[in-house]
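One structure is given below, encoded as structure tokens.
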Amino acid sequence: MSSGEGRRERAVHALQALVRIPTVSHPDQWDDAAFDALLAELEQRFPLVHERLEVTRVHTHGLLLHWAGRSNARPVVLMAHLDVVPVEDPARWTHPPFSGAVVDGSIWGRGTLDDKGCVVAICTAVEELLEAGHVPAQDVWLSFGCDEEVFGQAAPEAVGILRERGVEPWFVLDEGGAVAGGAFPGVRRPVAVVGVTEKGVTSLLLRAEGRGGHASTPARNGPTARIARAITALERSPMPASVPPPTLELFRRIAPHAGLPLGPVLAGAARVPALLVRALLAAGPETAAMTRTTFAVTTLQGSPALNVIAGAATAGVNIRVMLGDTVEDVLAHVRRAVGKDVAIEVVEEGAASPLSPYSTSGAGAEHRDEAFDLLERTIEQVFPEAVPAPYVMMAATDSRHFTAICERVYRFAPFRMSKAQRESIHSHDEHLGVQDLLDGVAWYRRLLEELPEGSPERSPA
């Protein structure tokens, strides 16, 4: 077997093995044995990573691994997570969700995209470099969380450990954007979007109470009617829309690759942002969400029986807070929309993450950032067909905790993903192309090989 075939087999077989271990994290579902098995599998698949890197267990099953470089002046953190979301209906999957089956050139199963693919690609790249005797120019830390899907404690604890050790990362890289095909109507090339901030997560519970009683004698304006009106009012009262600077830069970059009629609109976005806002709002929910704080009613609860009028009715609202909005802004908006007949309980609150530096283009707007340029250059080398660009990530990642110790926190998974693949995340038929996994390994390897030199010798620990 050639070395190339050996690398291919190692990455594919490792991802298959990890997918077959159902490390599901859910508030009501946790299997210590599954996570124990996964950590043992990782150690078996990547022995040099575990022998030559300093390994620290974080929280219950998280890992923080330290690879000493020639300098610790500008350390780098690469992140991923080991847990996956539950599978609601296995029957909807073309191939069983925990099979790790390789069919039609893809590896199928829960976690292939979110986020075991990144775990395997990172570990494979590091294992290969260790075999080659490579020493990175800077210290490298690998942070693998175990409870990202439930907003858990592993990532905050990892941040605490790094802070105690005096580690101030030059940049942090977590999951997030991807080499996204078909992301924007009329844009012919895939766009490699690198998250430079992410929306905050705030959750509310709307509650209305009343006497309740027998369904044969309903009264007007009961709890369920008030909750229904509140939901409708909130849907009819969206937050104001705008285009933040990273989104403007994104559209500046893709404008030359867009056909009519979108191309001229994108090219003029910086001059007429209001025109771009209208275009994004009209293009569908995915692009509309790029322009504003969003509200999604996710849970409803009322009477426990068909013949009983509810004494209380509730609606859960998941809010993704846009860069530029505050939690206070959002709460005030919700209060105005739903009125005084409904109580509002804040379940969790989180604002958008700070904006990380990124490089810009365009006349009079040129700005370079060395860390972002490194990510962009590596994208161009491994994915020459893609247009690299910053963007505002709409989902939440563990990386938001690392903004406490690092000003450059980026979100990018180096995999090609079609629109169907992106829609499969947290849904059914999640899968990752074999070649795309291997290109992801190549991307992480190139990134680690090209870390710039800092001080010629390691600083005192």
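Using bins of under 30°, 30° to 60° and over 60° for the plane-to-plane angle, the ring pair His95/Trp108 lands in the perpendicular bin.
A donor-acceptor pair is defined here as one N or O able to donate and one able to accept, closer than 3.5 Å; no such pair exists between the side chain of Arg320 and the backbone of Ala395. For the pair Arg229 (side chain) and Ala233 (backbone), a donor-acceptor distance under 3.5 Å is absent. Proximity of a side-chain donor or acceptor of Glu175 to a complementary backbone N or O of Ala413 within less than 3.5 Å is not detected. A donor-acceptor contact shorter than 3.5 Å links the side chain of Arg20 to the backbone of Ser99. A distance-only check finds a donor-acceptor pair linking the side chain of Gln421 to the backbone of His431 [under 3.5 Å]. Arg292 places a side-chain N or O within 3.5 Å of a backbone atom of Met239 that can act as its donor or acceptor partner.
For the residue pair Phe383 and Pro414, the shortest heavy atom distance occurs at CZ-O, 3.3 Å. The two residues Leu300 and Ile231 make their nearest non-hydrogen contact at CD2-CD1, 3.5 Å. Contact between Gly350 and Val321 at its shortest, heavy atoms only, is O-CG2, 3.7 Å. Among all heavy-atom pairs drawn from Ser25 and Cys146, the shortest one is CB-O, 4.3 Å. Minimum heavy-atom separation, Val19 to Gly109: CG1-CA, 3.8 Å. Closest heavy-atom contact between Arg252 and Glu249: NH1-OE1, 2.9 Å.
Taking the six-membered ring where the residue is Trp, the centroids of Phe35 and Trp30 are separated by under 6.0 Å. Taking the six-membered ring wherever Trp is involved, the centroid distance between the rings of Trp141 and His66 falls below 6.0 Å.
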Stepwise salt bridge (charged side-chain N to carboxylate O under 4.0 Å, His left out) check, Asp174 with Arg400: CA-CA 10 Å; Asp174 197 6; Arg400 69 191 185 280; over 6 Å; no
Phe372/Val196 under side-chain contact (heavy atoms from CB on, under 4.5 Å): CA gap, chis, key distance, verdict: CA-CA 9 Å; Phe372 189 87; Val196 293; 4.0 Å; yes
side-chain contact (heavy atoms from CB on, under 4.5 Å) between Phe184 and Phe251, intermediate numbers included: CA-CA 10 Å; Phe184 302 97; Phe251 286 106; 3.8 Å; yes
Verdict with reasoning, Glu157 to Arg57, per salt bridge (charged side-chain N to carboxylate O under 4.0 Å, His left out): CA-CA 10 Å; Glu157 288 190 19; Arg57 189 79 165 257; over 6 Å; no
Evaluation steps, side-chain contact (heavy atoms from CB on, under 4.5 Å), between Val334 and Ile344: CA-CA 9 Å; Val334 174; Ile344 299 173; 3.8 Å; yes
Intermediate values then yes/no, side-chain contact (heavy atoms from CB on, under 4.5 Å), Leu82 and Leu42: CA-CA 10 Å; Leu82 308 170; Leu42 270 180; 4.0 Å; yes
Step-by-step salt bridge (charged side-chain N to carboxylate O under 4.0 Å, His left out) determination, Arg411 to Glu198: CA-CA 9 Å; Arg411 303 148 185 93; Glu198 62 183 51; 2.8 Å; yes
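Looking only at side-chain heavy atoms (C-beta outward), Met79 and Asp398 come within less than 4.5 Å of each other. Annotation: side chain of Pro156 is not in contact with side chain of Phe151 (no heavy-atom distance under 4.5 Å). Side-chain contact check for Phe412 versus Ile379: some heavy-atom pair is nearer than 4.5 Å. Taking 4.5 Å as the limit, some side-chain heavy atom of Val330 sits within range of a side-chain heavy atom of Phe295. A heavy-atom distance below 4.5 Å is not found between the side chains of Phe415 and Val179.
Atom OG1 of residue Thr291 and atom CG of residue Leu280 lie 6.5 Å apart, to the nearest 0.5 angstrom. Rounding to the nearest 0.5 Å gives a distance of 10.5 Å between CD1 of Ile319 and CD of Glu349. The CZ atom of Phe144 sits 10.5 Å away from atom CG of Leu38, with the distance rounded to the nearest 0.5 Å. In this structure, Thr314 OG1 and Glu209 CD are separated by 10.0 Å, a value rounded to the nearest 0.5 Å. Separating the CZ atom in Arg189 from the NE2 atom in His257 is a distance of 4.5 Å, to the nearest 0.5 Å.
For the residue pair Arg165/Thr56, the side-chain donor-acceptor check at 3.5 Å is satisfied. Judged by distance alone, the side chains of His214 and Asn307 never bring a donor and an acceptor atom under 3.5 Å apart. Counted by atom type alone, Lys199 and Ser353 present zero donor-acceptor pairs between their side chains at under 3.5 Å. Using modelled atom types and a 3.5 Å distance limit, the side chains of Glu348 and Ser203 yield a donor-acceptor pair. Looking only at atom types and distance, the side chain of His426 has a donor-acceptor partner in the side chain of Glu149 under 3.5 Å away. Side-chain contact check for Asp429 and Ser424: no donor-acceptor pair (N or O, by modelled atom type) lies under 3.5 Å.
Residue-environment remark: CD (Glu385) exceeds the threshold of 12 foreign heavy atoms within 6.0 Å. For Asp104, the CG atom is loosely surrounded, since the number of other residues' heavy atoms within 6.0 Å does not exceed 12. Applying the 6.0 Å contact sphere to CD of Glu168 captures no more than 12 heavy atoms from other residues, nucleotides or ligands.
Taking a cutoff of 4.0 Å between a charged side-chain nitrogen and a carboxylate oxygen, Lys116 and Glu41 do not qualify as a salt bridge. Glu127 and Arg45 are not joined by a salt bridge, as no carboxylate oxygen comes within less than 4.0 angstrom of a charged side-chain nitrogen.
Remark: of the listed residues Val119, Asp147, Asp114, Asp114 is the sole one forming a side-chain contact (heavy atoms from CB on, under 4.5 Å) with His81.
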